[in-house]
Protein chains: 2
Amino acid sequence: MRQKAVRVNINDVAAVAGVSKQTVSRVINDRPDVSPETRKRVKEVIEQVGYRPSALARSLTSKRSYTLGVVIAGLKYIGPSTLLNGITSTAEEAGYCLILKELPSFVYDDIEPIFEELISRQVDGIIWGVSEVGENRKRLKKLLFDQKIPLVYLTMEPKKHITVITENNYSGARLAVTHLLEQGYQRVGFLSGPLEWWEARQRFKAWKDVMSEAGMEIQDTQWVTGNWSSASGAVSMKKLLEQYPEMDSIFVANDQMALGAMQVIHEKGKRIPEDIGVVGFDNIPESAYFWPALTTIQQDQGRVARVAVEELIKIIESGWKGLDPVDPHSILLEPTLVVRRSSSRFQD
Amino acid sequence: MRQKAVRVNINDVAAVAGVSKQTVSRVINDRPDVSPETRKRVKEVIEQVGYRPSALARSLTSKRSYTLGVVIAGLKYIGPSTLLNGITSTAEEAGYCLILKELPSFVYDDIEPIFEELISRQVDGIIWGVSEVGENRKRLKKLLFDQKIPLVYLTMEPKKHITVITENNYSGARLAVTHLLEQGYQRVGFLSGPLEWWEARQRFKAWKDVMSEAGMEIQDTQWVTGNWSSASGAVSMKKLLEQYPEMDSIFVANDQMALGAMQVIHEKGKRIPEDIGVVGFDNIPESAYFWPALTTIQQDQGRVARVAVEELIKIIESGWKGLDPVDPHSILLEPTLVVRRSSSRFQD
DNA sequence: CTGAAAGCGCTAACAT
DNA sequence: ATGTTAGCGCTTTCAG
């Protein structure tokens with residue numbers, strides 16, 4: 001006598017409770033039209049036999065999976081993983097499950113299979129959490145032209161007819177450069193991220209704008225680019241120190257590169273902030289413990305994530321309830337400046 | 001005339017191709033018993049009408065979802081997110097999709113709903129990627145006693161009858177302490193992680209063992225604990241410097257705390273590595289750019305993830321194919337020592 | 001308030 | 001090599 005390991009299903013519950021499976025269905029869906037006694041009995045049976053509805057079967061018939069697809073890249077970096085952290089907790093609270101897809105790289109092009117897989121698993125909506133890099137949105141646009149699945153984008157240039165949630169990189173970077181000028185620094189260099197990245201371009205533009213608004217002409221010797229890593233920060237900083245020896249301060253486009261840059265400054269025997277002031281971007285948890293502690297721009301990725309999931313669910317559920325469709329719109333969140341010792345030239 | 005946005009399904013394809021849906025099913029599953037001409041025709045129709053099979057429906061009937069459940073905690077930290085990064089890419093290559101569940105904290109206790117949700121979505125197997133902390137495995141064990149779903153655990157004490165993939169924290173920490181002694185340091189302090197963590201206990205034990213094997217008696221003044229964060233590293237280091245002023249070197253249980261500790265050492269005007277040698281643990285990417293560059297223990301979380309997914313899929317697929325069941329077993333991966341300046345007292 | 005019938009989109013197990 | 005029948009476990013629709 002072999003014990004078949006079959007899970008209890010709705011029919012079993014119905015049989016034991018002596019009702020039809022529709023009634024069981026009504027109970028598990030909290031529908032009103034069940035008499036209190038029946039409901040109670042069914043619930044007891046459910047408890048007793050350990051019945052758990054199959055989310056799969058429910059999704060198949062009801063066309064709602066309560067599942068969101070999340071597409072992301074670079075999970076091993078702090079930005080994307082913090083973002084994902086915020087997405088998981090907000091989705092969980094709202095009762096949604098997550099299917100995760102990580103692209104092999106930021107500029108990965110073959111995204112059609114990704115979408116098809118998510119759609120074939122009937123996700124109710126998609127969060128596109130891959131930063132805008134190079135042309136990596138182009139195929140996306142084409143692909144989604146006739147897709148009508150709810151979709152929210154993160155970290156890209158806000159555009160008409162789509163929903164984008166992002167930090168305002170431009171205004172954040174303006175805070176950084178303005179702060180250095182206010183501290184009395186005059187010759188502010190710039191260590192940029194790769195300019196294929198939208199975020200990097202925004203930060204670059206802010207540096208240029210603030211400097212020229214302050215009456216300084218930007219030279220090409222006054223900035224260099226890295227690839228966001230500490231290693232590249234070190235390499236690029238060496239180069240910049242050579243080509244712009246008068247530099248008295250620097251805005252670095254992320255904290256990791258700032259760390260590499262600071263190591264080089266130490267090695268050259270210069271003092272931070274006395275000889276060179278440094279401001280980073282992102283406020284990673286470690287930056288408060290750099291030597292010296294790093295002034296930086298605080299991005300609240302958790303908030304981006306939360307808002308994104310909330311917006312996505314709004315779009316999804318307005319569709320279900322036959323409400324007016326939610327108009328596509330973008331939300332820009334404002335970063336803040338965190339002042340620490342690396343830019344505080346005139347403090348004790 | 002309203003355009004109903006119904007996706008093309010297997011019946012539509014069958015109708016257009018003039019075959020039964022069974023034949024279409026055979027084609028999309030690459031079954032052998034279809035004539036080449038029929039196969040070709042069906043494929044053409046599929047292409048032409050843009051048919052994509054519903055993964056949901058397939059899972060429901062076939063009892064295989066090609067989906068893995070991943071349970072993890074602390075995604076905003078570098079360890080878990082690197083782990084997840086490795087899991088996504090290995091699963092993707094193997095043709096499996098991921099459902100992600102992040103616990104609100106490492107010692108979260110209410111894990112039953114998590115499992116039920118994963119099982120109700122018919123995952124083929126589960127990766128439990130939450131480090132062993134306090135009693136957070138106790139309920140798990142009870143819960144899974146009669147569950148027969150394939151399951152692989154990460155980062156915990158290997159035990160009989162289950163499959164565990166983990167770094168060997170003990171041997172890694174031995175490398176660290178031994179290295180300091182070999183460099184000629186004598187009074188090696190220890191900055192521990194929270195001892196509720198299995199990993200922390202392993203590293204602690206290694207420090208004690210190596211020191212006593214070298215003939216030194218451990219005093220309680222010679223070590224302190226932090227909570228893995230840089231902030232706690234700074235606080236605890238201050239305390240340790242006071243209670244153990246003769247200390248000439250320190251093994252810190254992770255790189256983040258080492259960063260905080262180093263900031264404090266600088267502030268006290270001591271030199272690294274001349275006055276105090278420092279060794280960390282994890283080899284986070286930034287550690288090579290600390291000031292000075294940090295000697296540390298390299299954990300290959302990517303490899304842990306890869307092995308874990310591969311083992312899980314082996315278990316799953318051996319079940320499908322009716323092969324001999326894979327015996328539960330554990331795999332310990334060996335970390336390595338990365339020497340940098342923070343512990344190199346006798347180098348230029 | 002409850003139930004019967006139909007079907008979601010697919011595959012398994014038999015036919016032929 | 002192909003088709004038929006019967007589901008998977010649930011919800012929807014309609015009847016009563």
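Just so it is clear: chains get the letters A, B, ... in the order the sequence lines come, proteins before strands, and each one is counted from 1.
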Task: Base D:dG9 to side chain A:Arg52, donor-acceptor N/O within 3.5 Å cut-off - done: no

Task: Under-4.0 Å side-chain N/O to phosphate OP1/OP2 contact, A:Ser25 with D:dT11 - done: yes

TODO: Take atom OH of A:Tyr77 as the centre, draw a 6.0 Å sphere, and report whether it contains more than 12 heavy atoms from other residues, nucleotides or ligands.
DONE: no

TODO: Give the rounded distance in Å between these two atoms: CG of A:Leu56 and P of C:dG9.
DONE: 14 Å

TODO: Return the 5'-most residue of the pair A:Glu37, A:Lys21 with respect to DNA chain C, ranking by each residue's nearest nucleotide.
DONE: A:Glu37

- [ ] Give a yes/no answer on whether the side chain of B:Ser62 brings an N or O atom under 4.0 Å of OP1 or OP2 in D:dC8.
- [x] no

TODO: Using a 4.0 Å heavy-atom cut-off across all strands, classify A:Lys63 as base, sugar-phosphate, or nothing.
DONE: sugar-phosphate

Task: Nucleotide D:dG7, atom P - distance to CD1 of A:Ile10 in whole Å - done: 17 Å

Task: Sugar-phosphate only, base, or nothing, as touched by A:Asn29 at under 4.0 Å among non-hydrogen atoms - done: sugar-phosphate

TODO: Return no unless some side-chain N or O of A:Ser20 is found under 4.0 Å from OP1 or OP2 of C:dG3.
DONE: yes

- [ ] Give a yes/no answer on whether the side chain of A:Ser35 brings an N or O atom under 4.0 Å of OP1 or OP2 in C:dC1.
- [x] no

Open item on the list: I want to confirm an ordering. Mapping B:Pro36 and A:Gln22 to their closest nucleotides on DNA chain D, which one lands closer to the 5' end?
Closed with: B:Pro36

- [ ] Find the distance between OG1 (B:Thr88) and CG (B:Leu68) and round it off to the nearest 0.5 Å.
- [x] 11.5 Å

- [ ] Could you state the atom-to-atom distance from CZ of A:Arg26 to C1' of D:dT11 in whole Å?
- [x] 10 Å

Task: Separation of D:dC8 C1' from B:Arg58 CZ (nearest whole Å) - done: 15 Å

Open item on the list: If I take atom CD1 in residue A:Ile119 and atom C1' in nucleotide C:dG9, what distance separates them, rounded to the nearest angstrom?
Closed with: 16 Å

- [ ] Quickly work out the A:Tyr51 OH to D:dC10 P distance and round it to whole Å.
- [x] 3 Å

Task: Distance test, side-chain N/O of B:Thr38 to OP1/OP2 of D:dA1, below 4.0 Å - done: no

Open item on the list: Rounding to an integer number of Å, can you tell me how far B:Ile46 CD1 sits from C:dC10 C1'?
Closed with: 13 Å

Open item on the list: Rounded to whole Å, please give me the gap between CG in A:Leu60 and C1' in C:dC8.
Closed with: 4 Å

Task: OP1 or OP2 of C:dA12 under 4.0 Å from side-chain N/O of B:Arg31 - done: yes

Open item on the list: If you take the centroid of each ring, where Trp contributes its six-membered ring, are B:Trp320 and B:Tyr66 closer together than 6.0 Å?
Closed with: yes

Task: Between B:Arg7 and B:Ser54: side-chain donor-acceptor atoms closer than 3.5 Å - done: no

- [ ] Indicate yes or no: does B:Glu47 engage B:Lys43 in a salt bridge with an N to O separation below 4.0 Å.
- [x] no

